[in-house]
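A short worksheet on the structure shown next.
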Amino acid sequence: MWPEVTADPAFKDKVSSARVLAVGAGGIGCELLKTLVLTGFKNIELIDLDTIETSNLNRQFLFRKRHVGQSKAQVAAEAVLQFKPDVKITAHQANIKELKFGVDYFKGFDVILNGLDNLDARRHVNRLCLAAGVPLIESGTAGYLGQVNVHVKDLSRCFECDEHAAPKTFPICTIRNTPEKPIHCVVWAKDLLFPRLFGRQDAVTDLDEQRKEVNGSSSSQADGAVQGPSFFLQKQGENSYDYAKRIFRRVYEQDIEQVKTMDELWKTRRPPQQLDLKEILDQQTLPETANGYSSASRALGLTESHKAWDLCENARVFLASIARYVDTRPDEIGTLVFDKDDDLAVDFITAASNLRALAYGIPTQSHFDAKGMAGNIVHAIATTNAITSGLIVTEALKILANDLDSCRETYLTEYAERKHVVMLNPSRPSQPKPDCMVCGCSMLSLKINTTTATLATFVDKVLKSRLSFNMPTIMCGDFLYEEGDGLEDDELEMYSSWLPKTLSALPGGGIGNGAIVDVQDQSQHFSVKIVVSHQDNFDEEKHPDGVILEGSAKSTRQAHHASSSANPVAELSNGAQSCPDDNEVVIVGSKGITGFKRARCDEGDDDDVVILGEPPARVGTTPNGKRTRL
Amino acid sequence: MSVSRSRLAEERKAWRKDKPFGFHARPETNPDGSSNLLRWKCHIPGRPNTLWEGGFYPMTMEFPEEYPTKPPKCKFAQGFFHPNVYPSGTVCLSIINEEEGWRPSITVKQVLLGIQELLDTPNPGSPAQSEAFLLYTNNRAKYNQCVKEQAHRYPPG
């Protein structure tokens, strides 16, 4: 019995001969690998696609500065072999979604341990574990929060029985016209303005479409707007600061002026106010672009990253960062994508979003906070990763002891009364959901405009981004579409020629109202049936991509189950809003939180850990009554 | 999806993952771009170092609705020269004969490899056409010449 079994010599042999696969060699992965070998595991395979970055070094303790740029999996394996030379670690610098890591590969392990950083890969591993019948221990951390889940086919919920929030997206009209929160301004600066100025120059964005008639603007400016993209590019012979000022006036004066004329937007909202550049700058000077600083804010002497800049400082950083790009990094213009480690990009995003916030009466952000928002950064905490890894190994031992009754899923939560004090909340894994689209047999229902939505939209937005398909095969009546390996050139050509077609115009009668689409995946052993219904219009606020995808309770595996969720329909379509507490941390792993020099969360010793025993009253009767014995 | 179609979808996936060199097999595409999962267009390469080398022989596999309980019907072009191919082009081979060796577990790949092997190792015990059969048994030189000529008529590509 657990835990006495751990002292049994026969069990120790079992551990040393067990074959485990660790997916991910980042924040959790480093801790996990260390704990595994010190626990007595001797046959480990480790997969990670990434290379080591400087910003990993503070917590991914197997890596040193000299390893930057090398494979995480490889270096982690070598580092562990240094202090534990008698173990066998096979490292792969590879994507877990590659076909070579298929069902047969997974079948070669006793247990799979996930330390992943994204929803897509987690779903992929979940599907392969189900197909191979190998237990999966899944984990995630975000700051002080963390969790470890045990997924055993047919006995406990699979990773996808519960809905996991996808990264939040915002309706485009909120971003374009009616921002209400700082994050809306950051998204505007990062996803609209930054790519418009420094990204692909031939792309037409929502910013170009925005202006048609501008009340009271001069004719030359109106012409500029009509010409579209060219307005946002530096003109031949134009001084860099003149260019930056022209952009400033366009986005903070003219565009704001124009959006104010859309009366219906301002019936229930406070309209924005234009920013007058001349008034703001007053007599302030702007720094030379060639003064040796790569950062515009530092060139202006703004070195305190936690302090929000005032209006004038924001305007100066905005102008100086644009000028600095065009003067000192002209070769990159046209190809830049936002990178949170590019100081100048963060300067620009901070200033641009703050200026927009000021125009709309929204609170401004410090450089530090804007960077966190723009890079979707959650500050990683090494201790959380260490606790989580310890729990993973504990659960792995129970799996090996074949003591599923002792398995627990554990949530690391913050104490409500005392921040930064961590509680461990263990509970028994829940039963599988009969209507799960992955381990159950559910049909999905899709509402989409079949006369305007293209096959490309269906493949990218529905199959790949919502459902995490990797290499989909689509069958509907006499229609067949395939992606993935093993296709001839002429097949590839034929299939890609269909992508721009609308669903109803596809060969074989099209995918129209009432069509049942079978989708399978070449690399995942996963398939779903999607029932399509045509819908003409969508509420742009609620469904910006014109897609409503819902799970249905229809199940062929078993009749309604007492533990199944009350409302399975609700969650798929708008993941982020309706997701229960215990799922929120899943989506953020160690990777999403790399790349940040942390100043705050490591200060002091306030990340105490309080380990609570399992409260007997909670077993089997957690708040919603969902947790039952394995 | 019917049993036959789900099985064929699996066969197609398996084929793409692991197809023998030089072979082609895929559901037939109609002129309008739709596909017929029950009818596959295939090409079988003649084995190297045999009389059949250099030929790239087109064949169709027709799967009945009862597939995989019943085997697919494999057809070369009408008049295909081989002792075990009927004048209609239909292949006579035990593993795709419901009365003989067919089992639902036999894969598309196994069928195609079996037919490739049959090309150079005909079975004189079960003749299906008189022309090739008689030449094979009575005039091997002439038979060999006919096989080589046929290989030229089916160049790769």
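Hydrogens, waters and symmetry mates are skipped; everything else that's a heavy atom, side chains included, is used. Chain A is the first sequence line, chain B the second, and so forth, proteins listed ahead of strands; every chain is numbered from 1.
- Residues B:Lys19 and A:Gly486 share a closest heavy-atom pair of NZ-O, 3.1 Å.
- Between B:Arg16 and A:Asp485, the shortest heavy-atom distance links the atoms NE-O, 3.0 Å.
- The existence of a salt bridge linking B:Arg5 and A:Asp478 is excluded, since no basic side-chain nitrogen approaches an acidic carboxylate oxygen closer than 4.0 Å.
- Counting heavy atoms from C-beta on, the side chains of A:Met475 and B:Leu8 never come closer than 4.5 Å.
- With a 4.5 angstrom heavy-atom cutoff, B:Lys17 touches chain A via backbone and side-chain atoms both.
- Note that the CG atom of B:Asp32 and the CZ atom of A:Phe479 stand 11.5 Å from one another [nearest 0.5 Å].
- The local environment of CD in B:Glu149 is crowded, with over 12 non-hydrogen atoms from other residues, nucleotides or ligands closer than 6.0 Å.
- The environment of NZ in B:Lys109 is crowded: more than 12 heavy-atom neighbours from other residues, nucleotides or ligands sit within 6.0 Å.
- Within a 6.0 Å radius of CD in B:Gln78, other residues, nucleotides and ligands contribute 12 heavy atoms or fewer.
- Taking each heavy atom of A:Asp521 and B:Lys13 in turn, the nearest pair found is O-NZ, 3.5 Å.
- The environment of OH in A:Tyr495 is crowded: more than 12 heavy-atom neighbours from other residues, nucleotides or ligands sit within 6.0 Å.
- Ranked by non-hydrogen atom pairs under 4.5 Å with chain B, the options A:Glu488, A:Met494, A:Met471 are led by A:Glu488.
- Heavy-atom minimum distance, B:Gly33 versus A:Pro507: C-CB, 3.2 Å.
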>> Pair A:Glu482, B:Arg12 - check salt bridge (Lys or Arg N to Asp or Glu O under 4.0 Å), show working.
In response: CA-CA 10 Å; A:Glu482 300 172 298; B:Arg12 171 68 182 164; 2.5 Å; yes
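- Both the backbone and the side chain of A:Leu480 have a heavy atom closer than 4.5 Å to some heavy atom of chain B.
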